[in-house]
Amino acid sequence: MLVALAMACALYAAAGADAGTEPVPYTVAAGDTLWEIATEQYPPSEDPRATVEDIRRENGLEGYLIEPGMRLELPR
């Protein structure tokens with residue numbers, strides 16, 4: 001019984017470590033900017049400057065220009 005409990009706890013902890021790490025797809029709408037996405041799609045406690053850079057890095061963007069219809073992956 002103790003072994004089963006230990007295994008269940010280990011599996012639960014391992015599953016929790018990966019939870020929320022998958023990027024979230026986002027389609028750019030007319031008028032969107034990386035700054036607006038960073039401030040609207042993430043908690044206010046996160047620094048939008050760092051979030052913008054994370055979005056750029058995740059999507060291989062060289063600059064800050066995004067266009068309507070573009071599909072972005074928002075890192076979590």
Side-chain angles (χ1 to χ4, degrees):
M1 184 78 144
L2 184 59
V3 172
L5 179 61
M7 287 180 65
C9 288
L11 288 173
Y12 179 77
D18 290 335
T21 59
E22 287 292 315
V24 174
Y26 181 85
T27 302
V28 177
D32 276 352
T33 65
L34 289 174
W35 185 267
E36 288 172 344
I37 293 168
T39 57
E40 292 174 4
Q41 299 295 318
Y42 291 85
S45 60
E46 292 189 30
D47 182 357
R49 295 169 296 188
T51 303
V52 165
E53 295 308 315
D54 290 344
I55 294 169
R56 289 181 62 225
R57 188 172 26 261
E58 178 74 29
N59 292 279
L61 300 175
E62 292 184 20
Y64 296 90
L65 181 64
I66 56 174
E67 298 180 13
M70 242 177 136
R71 300 248 326 139
L72 298 175
E73 296 291 324
L74 304 182
R76 292 293 171 190

A.B. asks: Could I get the full list of side chain to side chain contact (heavy atoms under 4.5 Å, CB included) partners for P25, not counting sequence neighbours?
C.D. replies: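 Counting only residues at least two positions away or on another chain, P25 forms a side chain to side chain contact (heavy atoms under 4.5 Å, CB included) with R71, E73.
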
A.B. asks: Can you tell me how far apart CG (L34) and OG1 (T39) are? Round to the nearest 0.5 Å.
C.D. replies: 10.5 Å

A.B. asks: Looking at every heavy atom in both A29 and P68, which two are closest together, and how far apart are they?
C.D. replies: C-CB, 4.2 Å

A.B. asks: Indicate the atoms forming the closest heavy-atom contact of P48 with A38, along with that distance.
C.D. replies: O-CB, 3.9 Å

A.B. asks: Give me each pair satisfying salt bridge (Lys or Arg N to Asp or Glu O under 4.0 Å) with a member in residues 40-50, each pair once, sequence neighbours excluded.
C.D. replies: D47-R49

A.B. asks: Would you mind listing every salt bridge (Lys or Arg N to Asp or Glu O under 4.0 Å) that reaches into residues 55-68, with sequence neighbours excluded?
C.D. replies: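 Only E53-R56, D54-R57 qualify under salt bridge (Lys or Arg N to Asp or Glu O under 4.0 Å).
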
A.B. asks: Just how far is it from atom OG1 of T51 to atom CD1 of I37, taken to the nearest 0.5 Å?
C.D. replies: 11.5 Å

A.B. asks: Please name the pair of heavy atoms, one in L72 and one in N59, separated by the smallest distance, quoted to 0.1 Å.
C.D. replies: CA-OD1, 3.4 Å

A.B. asks: List the residues meeting side chain to side chain donor-acceptor pair (under 3.5 Å) with Y26, not counting sequence neighbours, and say none if there are none.
C.D. replies: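 Only D32 meet the side chain to side chain donor-acceptor pair (under 3.5 Å) criterion with Y26.
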
A.B. asks: Ignoring hydrogens, what is the shortest heavy-atom contact between Q41 and R76? Give both atom names and the distance.
C.D. replies: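 So the minimum-distance heavy-atom pair works out to O-NH1, 3.1 Å.
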
A.B. asks: If the condition is side chain to side chain contact (heavy atoms under 4.5 Å, CB included), which residues does P44 pass it with, not counting sequence neighbours?
C.D. replies: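 Applying side chain to side chain contact (heavy atoms under 4.5 Å, CB included) to P44 gives none.
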
